[in-house]
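Just so it is clear, the values below take in all heavy atoms, side chains as well, and ignore hydrogens, waters and symmetry mates. So you know, we letter chains A, B, ... as the sequences are listed, proteins then strands, and number each from 1.
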Protein chains: 2
Amino acid sequence: MTEPERHGRERRERWGFELPLLLFAGFRSLIDQLHAELADHGHPDLRPAYGFAMQAIGRDGVTASELGRRLGVSKQAAGKTVDRLAALGYAERVADPADARRKLVRLTPRGQDALVLSGAVFEELRGQWGDQLGQERLTELEDALETVVGPAAFRLDAAGWFAD
Amino acid sequence: MTEPERHGRERRERWGFELPLLLFAGFRSLIDQLHAELADHGHPDLRPAYGFAMQAIGRDGVTASELGRRLGVSKQAAGKTVDRLAALGYAERVADPADARRKLVRLTPRGQDALVLSGAVFEELRGQWGDQLGQERLTELEDALETVVGPAAFRLDAAGWFAD
DNA sequence: TCTTTTCGACAACCACGTTGACTACTCTAG
DNA sequence: CTAGAGTAGTCAACGTGGTTGTCGAAAAGA
């Protein structure tokens with residue numbers, strides 16, 4: 001069995017507590033680099049939690065209640081998030097002509113721009129990981145993670161897990 | 001090249017944005033299971049951030065200022081964290097006889113117990129990942145992560161990245 | 001000794017979540 | 001058609017976890 005990356009030295013025994021730390025460090029590294037890049041491209045006020053919220057709003061817009069459901073928080077919390085997004089110019093509320101109770105939350109062009117830019121940065125960062133690890137090892141990392149976390153990976157209800 | 005886990009089907013192309021989601025989902029899965037386990041063993045009020053704080057306090061205790069430095073937050077924020085930990089019975093403040101300004105923050109026996117228990121749970125959870133992935137793939141996952149994040153993995157300054 | 005640094009605490013504030021209560025509106029059953 | 005139930009959005013109060021600024025007391029260095 002050929003394992004070129006091993007360099008012949010014995011691998012240290014791992015502790016259980018290292019695993020969450022490694023996963024978190026990887027996650028944080030990506031998110032930190034993303035936001036450094038966003039800040040350099042006209043979005044210095046974007047915080048990690050806003051990215052999740054904007055992703056949950058999507059191209060079509062949502063109501064605050066639905067946004068709360070998607071993010072796993074109360075409708076009041078979702079409403080406050082929309083307030084902050086709106087104050088920064090990333091989202092706006094428009095009245096729903098078909099239902100006078102509802103107000104559709106939509107991304108502004110600036111919000112769309114941030115989302116598109118984030119996608120591009122993530123591609124770039126994944127490319128860097130691929131350069132460091134090799135495409136094969138990167139793909140195996142992703143597959144291994146998908147195996148253990150299952151479909152739960154792509155939920156957006158990460159609110160509260162963020163700061164700056 | 002033998003790749004037994006491929007099962008012959010073509011692997012879907014991955015998007016860059018999936019990588020942070022997978023890492024985060026893995027991290028959250030471990031932390032959620034840890035806290036479910038802790039809650040079942042007499043520690044229902046322990047929150048993820050408290051684990052980091054207790055880890056930073058360690059066996060020897062620290063001052064609030066030093067705790068702030070280790071966690072990457074202000075000494076005032078660290079002091080508040082100690083207040084909450086103390087209110088739950090996980091930490092206590094003792095005057096330092098050698099320096100009347102300082103108050104040593106120490107873990108109570110209950111705090112030590114929670115730390116020991118957490119370590120055991122993490123070993124158990126890592127074992128479960130090993131069962132699912134195979135020891136080899138798990139080790140490769142850990143090594144790959146360490147490669148990309150470097151020594152930054154084991155910093156404790158994750159405060160603010162948590163909620164319940 | 002005098003000045004600087006450090007420690008812990010207090011206050012005010014912000015971000016981000018929670019519940020509960022309330023109004024306005026829509027929908028459905030009788 | 002109308003009464004009642006359910007839903008949308010907002011307001012208020014509060015909890016947690018951060019921030020900065022200020023302060024007095026104690027330690028440490030010139």
Side-chain angles (χ1 to χ4, degrees), chain A residues 28 31 35 44-54 56-57 61-88 90-106 156-164, chain B residues 28 31 35 44-54 56-57 61-88 90-106 156-164:
Chain A
R28 189 169 62 168
I31 297 298
H35 284 274
D45 297 323
L46 226 32
R47 320 200 47 218
Y50 299 164
F52 276 69
M54 290 197 293
I57 292 171
V62 281
T63 65
S65 293
E66 172 59 22
L67 180 59
R69 272 177 234 118
R70 293 190 189 175
L71 294 176
V73 301
S74 65
K75 60 181 181 174
Q76 295 92 328
K80 289 190 194 183
T81 298
V82 174
D83 289 343
R84 287 168 210 127
L85 244 25
L88 293 171
Y90 289 101
E92 59 186 354
R93 280 183 241 248
V94 299
D96 182 340
D99 186 336
R101 292 170 305 178
R102 315 175 88 207
K103 288 179 188 168
L104 243 286
V105 178
R106 282 191 321 206
L156 256 11
D157 59 336
W161 290 84
F162 299 108
D164 51 355
Chain B
R28 188 168 64 169
I31 297 297
H35 284 275
D45 296 324
L46 224 34
R47 320 201 44 221
Y50 299 164
F52 276 69
M54 290 198 291
I57 292 170
V62 282
T63 64
S65 293
E66 172 59 23
L67 180 60
R69 273 177 234 118
R70 293 190 189 176
L71 295 177
V73 301
S74 66
K75 60 180 180 176
Q76 293 91 333
K80 287 191 195 182
T81 298
V82 174
D83 289 343
R84 290 169 204 125
L85 245 23
L88 292 171
Y90 289 101
E92 59 186 354
R93 278 182 241 249
V94 299
D96 183 340
D99 186 336
R101 291 170 309 177
R102 317 175 86 206
K103 287 180 188 166
L104 243 286
V105 178
R106 281 190 323 207
L156 255 12
D157 59 335
W161 290 84
F162 300 107
D164 50 355

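- R70(A) places a side-chain N or O within donor-acceptor distance of the main-chain N or O of A56(A), the cut-off being under 3.5 Å.
- Nucleic acid contact for S74(A): base, since at least one base atom lies under 4.0 Å from a heavy atom of the residue.
- The CZ atom of R93(B) sits 4.5 Å away from atom CG of D83(B), with the distance rounded to the nearest 0.5 Å.
- Note that the NE2 atom of H35(A) and the OH atom of Y50(A) stand 10.5 Å from one another [nearest 0.5 Å].
- Rounded to whole Å, atom P of dG17(C) lies 8 Å from atom CG of L71(A).
- Proximity of T81(B) to the phosphate of dG18(D): a side-chain N or O atom is located under 4.0 Å from OP1 or OP2.
- Expressed to the nearest 0.5 Å, how far OG1 of T81(A) lies from OH of Y90(A) amounts to 15.0 Å.
- Taking CG of D96(B) as the reference point, atom OG1 of T63(B) lies at 9.0 Å (rounded to 0.5 Å).
- Rounded to whole angstrom, the span from the CG atom of L85(B) across to the P atom of dT16(D) amounts to 13 Å.
- Across the protein-nucleic acid pair, F52(B) atom CZ and dG18(D) atom P stand 12 Å apart, rounded to whole Å.
- One atom, CZ of R69(A), and another, C1' of dG9(D), lie 12 Å apart when rounded to the nearest Å.
- In terms of position along DNA chain C, the nucleotide closest to G72(A) lies nearer the 5' end than the nucleotide closest to the other residue of the pair G72(A) and P97(A).
- For S65(B) and dC7(C), the shortest distance from a side-chain N or O to OP1 or OP2 is below 4.0 Å.
- Residue-to-nucleotide contacts include a donor-acceptor pair under 3.5 Å from the side chain of R101(B) to the base of dT6(C).
- Proximity of V82(A) to K103(A): side-chain heavy atoms (C-beta onward) are nowhere separated by under 4.5 Å.
- Summarising the geometry, the separation between CG on D99(A) and P on dC27(C) is reported as 6 Å, rounded to the nearest angstrom.
- In this structure, the separation between CG on L104(A) and CD1 on I57(A) is 10.5 Å, given to the nearest 0.5 Å.
- Counting non-hydrogen atoms under 4.0 angstrom, A100(B) reaches the backbone sugars and phosphates but no base.
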**OP:** Starting at the 5' end of nucleotides 9-15 of chain C, put B wherever the base has a protein heavy atom under 4.0 Å, S where only the sugar-phosphate does, and a dash everywhere else.
**Re:** BB-B--S
